[in-house]
Each structure stands twice: as C-alpha cells, then as structure tokens.
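All remarks here apply to the structure that follows.
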Amino acid sequence: STVSSNEPEDLLIRQVVAHDDDLLMNAEHHFTNFKSKFGKSYATREEHAYRLGVFKANLRRARRHQKLDPSAVHGITQFSDLTPAEFRRTYLGLKRLRIPADAHKAPILPTND
Amino acid sequence: LPTDFDWRDHGAVTAVKNQGSCGSCWSFSTTGALEGANFLATGKLVSLSEQQLVDCDHECDPDEPGSCDSGCNGGLMTSAFEYTLKTGGLMQEEDYPYTGTDHGTCKFDKSKIVASVANFSVVSLDEDQIAANLVKNGPLAVGINAVFMQTYIGGVSCPYICSRRLNHGVLLVGYGSEGYSPIRMKDKPYWIIKNSWGESWGENGYYKICRGRDVCGVDSMVSTVAAIHTTPK
C-alpha cells in the first residue's frame, strides 16, 4: 500500500498493522449488537437481509475510512445500515452556496496578542 | 489568539441536539451560531427554535433563485440569517419545539421572539481569521463535507483525501492545539465541531477535524452572526 501526504517529511516511519478483519468476520454478530444498541428493527425478512448487506458494506467502508483517516476512529455508528446515498438524503441538507459579490464580509481582525 | 479555545467552557453552547431523519442540519447550525451570539449580547444562554426555521423560512439565495431554504430538504445558514433578520428573530425551543418533520404550518409568534440578528457576515477563508472571528464573535456556522462522518466514532479526523464539496451544516465552537496524530508522529491542531445527530454520535455529539489543510472544506463556508438584546413582549 502507499500513503500520500502533503507533508512527506512526516512519514519517516510508516505504521504497519495487521489487518483487523474481526468486524467483517463477525458481521452478523455485530449487526445483532447494532440493532440492539440503536433500537433498529426491519419490517420484513427481505428488508432485514438487505440491511445486513448494507451493514457489511459499511464495515468495509469504515475500514477504508480508517486507513485514509488514521488519527480518528471509524467503525459502527447509528448510520451503519444506510447506504451513502440514503445517508446523504436523510441526514445532510446543506444547499449549494454561491457567495454574492455584495455579501457583507467580516472585517479582518488582528491575530497577534 | 489563545492556543486552545472552546466556547463550551464559557457557557455559550447549548446541549447537543438531534435533527432526526430530516435534512435540517442548516437550521441547527443557524440556531447554534445565534444562541452563541445572543449569549454574548445578553449573558443568557437560550436554546432557539429550529422548527421555526424548518416551518417558516423559505428564503432563497438571491444569486440562485432555485436554492431556497426548504425544511427537511435542506437550506443555507446565510439565507436563514437573512430570514431571521427580516422576520425579527427566533422563538425559543420550548415555545416552538422541534418535531423532525416539515409537514406542519408556520406557527411563528412575533411576541415570543427571544433572539434577534443585528447583522451577519461571511468570514475570510484564512484559518487565523476564522479562529479570530470565533473567539471574538462566538460560535460560527460552517459547512463541511460529511463523507467521513458516517463512520466517525472519535479522535481527530484528518483524512488524506476528502472532497471540499459541502453538504452538511454544523457549528464551529472551538479549537485545540494538540490532537493526537500517530501516523504523522506529532500533535496536530484541530477544530471542534458541534453536530446535530444526538449525543450518541461521535465524541458526545462532537467532531474533531484537523486544521491547517483544506480538509473536507470546513474552512470554505464560514459565517458569523451578531445578536441584539431582545425582550419578549
């Protein structure tokens, strides 16, 4: 694997860790805990099976995020049974901003002392 | 500028709220900034109504006529400040509580306004200016790309790659000088972000994201608001 950074001088030593596949190996167990912790239930067996599939995909996604963002902790959250599109549609809601030319700009503040 | 600063330590930030299954993040970012500004103006911390914005604010971006504040379908903090300025102010949370839906009619009662906007501005994209405006004017309404927030549990988020396309409205409440960053072998400064997905998400409802780079666009849409002292009639 490769690691890219804007600060290559920081990468004198690359962290090497074993692949932690525990989450994926025990996905169904973690899904049961997830449902219990966040009070999730699904109306039909088909919906349950679909959400389990989404959950597994999100475990793989969390692992990718962990590699891309090693100083944070990524894993199972209350949104782990949502596809990225469902997550965006349901929980995000910032419209596109084009700041007008006549927008009132905050004055520049002194930052010494 | 202080090396570390957190408006929670100064009593300017209300408890973490939960927007539920509704794309109303923009309204929580707006109320958070005005709650802080109102605290600075009056010395009192009052939780403000997001539902008023969800139900009553349909302000449009003057440069993009189709881009209007529209309840659970999204909005903009600067448009919401404009609405609040025009309408006179916001009611408090307990007088107009949050329902998480946008099917209701507007129940705004002008006699129950508790916080009013004096003016609002967009902040320079320079990180020191963002910090200075935060310290001087209170918590800031900011946009962010939330792709890493779906799986975030804790720590300082500092992704190697993150789009600058903004899709989530949050509240910048402080910054720290030394976040743990093992792979970079040194401590990194970070912003402290109040989110609106409840206390069980992230670090008790908060998100830390590193400073110093264009990470997830957090420094690209920043607005500050000032409040005037308002007494309910």
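Chain letters run A, B, ... following the sequence lines, proteins first and then strands; every chain starts at 1.
- Across B:Ser157 and A:Ala72, no two heavy atoms sit closer than the pair CA-CB, 3.7 Å.
- Both the backbone and the side chain of B:Gln150 have a heavy atom closer than 4.5 Å to some heavy atom of chain A.
- With rounding to the nearest 0.5 angstrom, the OG atom of B:Ser124 is 9.5 Å from the CG atom of A:Leu109.
- Other residues, nucleotides and ligands contribute at most 12 non-hydrogen atoms within 6.0 Å of the CD atom of A:Glu28.
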Side chain to side chain contact (heavy atoms under 4.5 Å, CB included), that's the test. Do A:Tyr91 and B:Ser21 meet it? Break it down for me. CA-CA 6 Å; A:Tyr91 292 97; B:Ser21 302; 3.2 Å; yes
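- Side-chain contact between B:Ile153 and A:His74 is absent, with no heavy atoms from C-beta onward closer than 4.5 Å.
- Going from atom CD of B:Gln129 over to atom NZ of A:Lys105 covers 13.5 Å, rounded to the nearest 0.5 Å.
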Between B:Lys188 and A:Ser71, does the side chain to side chain contact (heavy atoms under 4.5 Å, CB included) criterion hold? Intermediate values first, please. CA-CA 10 Å; B:Lys188 304 283 280 185; A:Ser71 55; over 6 Å; no
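- Heavy atoms of A:Leu82 lying under 4.5 Å from chain B belong to its backbone as well as its side chain.
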Starting from the C-alpha separation in whole Å, work towards a yes-or-no answer on side chain to side chain contact (heavy atoms under 4.5 Å, CB included) for A:His104 and B:Phe120. CA-CA 7 Å; A:His104 183 233; B:Phe120 64 94; over 6 Å; no
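- With a 4.5 Å cut-off on non-hydrogen atoms, B:Ser27 does not touch chain A at all.
- Here the closest heavy-atom approach between residue B:Asn133 and residue A:Pro107 is recorded as ND2-O, 4.5 Å.
- Interface summary for chain A: among B:Ala132, B:Cys162, B:Gly20, B:Gly75, the most heavy-atom pairs under 4.5 angstrom belong to B:Gly75.
- For a residue to count as touching a neighbouring chain, one of its non-hydrogen atoms must lie under 4.5 Å from one of that chain's; by this rule B:Asn73 touches chain A with the backbone only.
- To the nearest 0.5 Å, atom NZ of residue A:Lys95 and atom CH2 of residue B:Trp26 are 9.0 Å apart.
- With respect to chain A, the highest number of heavy-atom pairs below 4.5 Å among B:Pro2, B:Cys72, B:Ser121 belongs to B:Ser121.
- For the atom pair OG1 (A:Thr77) and OH (B:Tyr152), the distance works out to 12.0 Å, reported to the nearest 0.5 Å.
- Contact count against chain A (heavy-atom pairs under 4.5 Å) is highest for B:Thr151 among B:Val135, B:Val222, B:Thr151, B:Asn119.
- With a 4.5 Å cut-off on non-hydrogen atoms, B:Cys22 touches chain A through its backbone but not through its side chain.
- Proximity to chain A is limited to the side chain of B:Thr224, based on heavy atoms less than 4.5 angstrom apart.
- One distance of note links OG1 of A:Thr111 with NZ of B:Lys136; it measures 13.5 Å at 0.5 Å rounding.
- Side-chain contact between A:Arg61 and B:Val147: present, with at least one pair of heavy atoms (C-beta onward) separated by less than 4.5 Å.
- Annotation for B:Ile161 and A:Leu68: closest pair CD1-CD2, 4.1 Å, computed over non-hydrogen atoms.
- For the atom pair NE2 (A:His65) and CE (B:Met149), the distance works out to 12.5 Å, reported to the nearest 0.5 Å.
- Under the 6.0 Å cut-off for aromatic ring centres, B:Trp197 and A:Phe87 qualify, their centroids lying closer than that.
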